[in-house]
Amino acid sequence: MTLPSRVPVLIVGGGPVGLTLAALLARYGIASLTLEADDSYCSGSRAICISRRSQEILSWTGADAALTATGLPWTGGRSYYRDREVLRFDMPHDPLQRFAPMVNIQQYFVEEYAHQAMLRQPGRATLQWAARAVAVRPEADGVRVEADLDGQRRTIQADWLVACDGGRSSVREALGLKLEGMQYEGRYVIVDIEQASSRPVERLAWFDPPSNPGSTLLMHRQPGNVWRVDYQIRDDEDAAEAVKPGNVLPRVQSHLDMIGETAPWKPLWISLYNAKCLTLERYRHGRVLFAGDAAHLVPIFGVRGLNSGLDDAGNLAWKLAWVLRGQAQPDLLDSYSDERVHATRQNLAYGAKSTEFMAPPDYGFRLMREAALRLALTDEHVRPLINPRQSAPIAYPGSLLNLADGAPRQSPGAAPGQPAPDLLLADADMAPCYLSACFGQGFVLLACAPDTAQAQRLRALAGATRTAPDPLRLLPVGGAAPDAWGDPHGHLRDRFGARPGSVYLLRPDGYVLGRWDHPDDCILRAALAPYYPMIPATAPEPHA
Ligand SMILES: Cc1cc2nc3c(=O)[nH]c(=O)nc-3n(C[C@H](O)[C@H](O)[C@H](O)COP(=O)(O)OP(=O)(O)OC[C@H]3O[C@@H](n4cnc5c(N)ncnc54)[C@H](O)[C@@H]3O)c2cc1C
């Protein structure tokens, strides 16, 4: 086995986050080596619900086609209290959107598709199976890692190391870092079963169902006639006993009987879960960065674990690429930590609320849940309280990267630090195109109906970056420019609050960096110069 002895980026952990990061970096032309301790993709009950934002991030690598072909899209769900429906919810969705709000798909497929995407990218990305990082030594200009491959030791020198080695991260341990936070006592048995069914794909929850009195039970359909069944066990139940098939199968059977699923079935995996709300205080430690479960553990309720890990990868990939290419200073990577720690804290707050509902930690929470469920039977105003709050991208309103808001009267949903709302536009040939498909490359300058002079000035700015590896992309929408895209659904006006002359600078990960009404060149140059050094912050002096 030949492994490179020096790499720009070493990724420890080839789970979904490590592999997606490798694919994104390769898309930016950045070589990486991923060490994965196991010899194949994950098995067992892991993530199944992949959010719209995660689908977008995977699309930047080209992994979305396989994901969409295999995954089961869904838009809502139902909750029952005992034998009565108390909530029917729909996630924000309209048929013009590029991706479903959520698809159900087993985590090992996500890993496989990210891996295939990584191999298709032009940058050199290598995955080494059965290779475990066993020692990590941070150095002034990089990181030195000892890896174990089939009992043989290898030393690898990396400019940057990204720890994607999961909840029990050995990199975290090697650096003497600890996750901080709390974990809940309530335990859930997680069972994946195989059973043919024609039931629609939706999130199903039962509180105190006749099939399992006193318990809470969740069901999610997955590709290949697989169902995820999660149910809460009593506090006094013994963990080892609770996962024995002799105890699990009758409870599952009782529920299948209750909902009228009569086809033969068999269990695939049985495990036990309890929710944790834990995070590192910082995700950058010199030249070591943390992403995914190595950085944070978020409760599964609300499905923000893998989804937030993919957001970590989307945030980190462009920043690492810009730093490695010398297009930005290394302190850009501090913003990765600031932004993603902020996102984790938000995710933990949502995750904690969901957990307190799904596995009430004490008598007070149990009583409140009981009251909410009883009231929800008759009072529709109470029903939002039991909505499961599924994963959504988190805004970074306090990010130091954000530029002063030059158009504060426009839509707050497109202010600096917000994830740019997606737009269904029509390109110059009238073919439908999504704004989100433009991300994962260079920055985007989105211009609303620029007049001829403004379009010319913006084009000159974009043209100045054409020698950069990922140049600035000008996207004029409406107006006089011959290459302008159309906005047949009025999305730019409605979702951004754009007016003719408005300009938006969007980051490669799809976040709004700045917005202005009729910005002059000085403003735009100053905004772009930190990322495109060929653009001087001030315009050249006019000739005398
Ligand atoms: C029952 C369950 C249901 C879930 N459902 C959802 C869901 O629906 N949606 C969601 O978003 N999240 C969900 N999650 C969370 C999700 O599974 C995790 O957040 C996700 O696996 C994190 O990915 P990762 O790549 O960071 O870490 P992992 O998936 O843990 O991958 C880490 C990898 O690092 C490798 N590794 C470890 N140590 C080393 C080492 N020293 N050297 C080399 N390799 C190493 C491991 O072998 C592993 O492959 C669920 C989790 C569980 C348990």
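Note that the numbering runs from 1 along the sequence shown for the chain. Whatever order the structure lists them in is the order used to number ligands and atoms, beginning at 1. Please read all numbers here as calculations on a predicted model, not as lab measurements.
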- Assert yes or no for the condition that the ring centre distance of Phe207 to Phe357 is strictly below 6.0 Å. yes

- Message: For ligand 1, which is the ligand I care about here, please tell me if Arg46 has any N or O atom under 3.5 Å from one of the ligand's N or O atoms.
- Response: yes

- Query: If you count the atoms of ligand 1 from 1 in the order shown, which ones are under 4.0 Å from a heavy atom of Val12?
  - Reply: 40 (C), 42 (N), 43 (C)

- Tyr396-Tyr511 aromatic ring centre distance below 6.0 Å: yes

- Does Phe89 have any ring pair (Phe, Tyr, Trp, His ring centres under 6.0 Å) partners at least two apart in sequence or in another chain, and if so, which? none

- Item | Sidechain-backbone polar pair: Asp94 side chain, Leu96 backbone, donor-acceptor under 3.5 Å | yes

- Can you check whether Gln232's main-chain N or O pairs, donor with acceptor, with Ser215's side chain at less than 3.5 Å? yes

- What residue and atom, counting heavy atoms only, is the protein's closest point to atom 39 (C) of ligand 1, and at what distance? Asp165 CB, 3.8 Å

- Query: Once the angle between the rings of His296 and Tyr283 is folded into 0 to 90°, is it parallel (under 30°), tilted (30 to 60°) or perpendicular (over 60°)?
  - Reply: tilted

- salt bridge (Lys or Arg N to Asp or Glu O under 4.0 Å) between Lys353 and Glu356, worked out: CA-CA 5 Å; Lys353 272 190 193 149; Glu356 282 151 9; over 6 Å; no

- Message: Check Glu339 with Arg507, please: is the shortest side-chain N to carboxylate O separation under 4.0 Å?
- Response: yes

- Do the charged groups of Arg132 and Asp148 touch, with an N to O distance under 4.0 Å? no

- Note on the structure: Of Gly305, Ala291, Ala47, the residue with the heavy atom nearest atom 13 (C) of ligand 1 is Ala47

- Task: Please report which non-hydrogen protein atom sits nearest to atom 34 (O) of ligand 1, along with the residue it belongs to and the distance in Å to one decimal place.
- Result: Gly13 CA, 3.2 Å

- Note on the structure: If we number the atoms of ligand 1 from 1 as shown, the ones under 4.0 Å from a heavy atom of Cys164 are 32 (C), 33 (C), 34 (O)

- Task: Consider every N or O of Ala37 and every N or O of ligand 1, then say whether any pair is closer than 3.5 Å.
- Result: yes

- Task: Just go through Pro16, Gly292, Ser40 and tell me whose heavy atom is the nearest to atom 23 (O) of ligand 1.
- Result: Pro16

- Item | Side-chain ion pair, Glu56 and Arg98, N-O less than 4.0 Å | no

- Query: Starting from atom 15 (C) of ligand 1, which protein heavy atom do you reach first, and at what distance in Å?
  - Reply: Leu306 N, 3.9 Å

- Nearest neighbour of atom 26 (O) of ligand 1 from the list Asp293, Ile50, Leu297, on a heavy-atom basis: Asp293

- Task: Take Gln106 and Asp192, measure what side chain to side chain donor-acceptor pair (under 3.5 Å) needs, and give me the verdict at the end.
- Result: CA-CA 11 Å; Gln106 291 89 335; Asp192 280 44; 6.0 Å; no

- Query: Going by distance only, is there an N or O of Gly18 that falls short of 3.5 Å from an N or O of ligand 1?
  - Reply: no

- Task: Identify which of Ile300, Val145, Val134, Ile11 has a heavy atom lying nearest to atom 4 (C) of ligand 1.
- Result: Ile300

- Side chain or backbone of Glu173 under 4.0 Å from ligand 1, or both, or neither, by non-hydrogen atoms? neither

- Does a side-chain N-to-carboxylate-O contact under 4.0 Å join Glu146 and Arg154? no

- Task: Have a look at Ala133, Gly15, Cys42 and point out the one with the heavy atom closest to atom 40 (C) of ligand 1.
- Result: Ala133

- Query: Which ligand 1 atoms, with their elements, are less than 4.0 angstrom from a heavy-atom of Asp38?
  - Reply: 47 (O)

- Relative to the heavy atoms of Gly166, which atoms of ligand 1 are at a distance of less than 4.0 Å? 27 (O), 30 (O), 32 (C)

- Message: Applying ring pair (Phe, Tyr, Trp, His ring centres under 6.0 Å), can you list everything that pairs with Tyr336, at least two apart in sequence or on another chain?
- Response: none

- Relative to ligand 1, is Ala131 under 4.0 angstrom through side chain, backbone, both or neither, heavy atoms considered? backbone

- Message: Considering Val17, Ile48, Asn104, Ile105 one by one, which has a heavy atom nearer to atom 25 (O) of ligand 1 than any of the others?
- Response: Val17

- Item | Under 3.5 Å: N/O of Gln107 near N/O of ligand 1 | yes

- Query: Within a reach of under 6.0 Å around OH of Tyr350, are more than 12 heavy atoms found that belong to other residues, nucleotides or ligands?
  - Reply: no

- Note on the structure: In ligand 1, the atoms that come under 4.0 Å of a heavy atom of Ser170 are 40 (C), 41 (N)

- Salt-bridged, Glu237 to Arg251, with N to O below 4.0 Å? yes

- Sub-4.0 Å heavy-atom approach of Arg168 to ligand 1: no

- Message: With nothing but distance in play, are any N or O atoms of Cys49 less than 3.5 Å from an N or O of ligand 1?
- Response: yes

- Query: Hey, is ligand 1 close enough to Glu36 that some N/O pair sits below 3.5 Å?
  - Reply: yes

- Give the atoms of ligand 1, by number and element, whose distance to some non-hydrogen atom of Leu35 is under 4.0 Å. 43 (C), 44 (N)

- Query: At a 4.0 Å threshold, what atoms of ligand 1 neighbour a non-hydrogen atom of Ser45?
  - Reply: 1 (C), 2 (C), 53 (C)

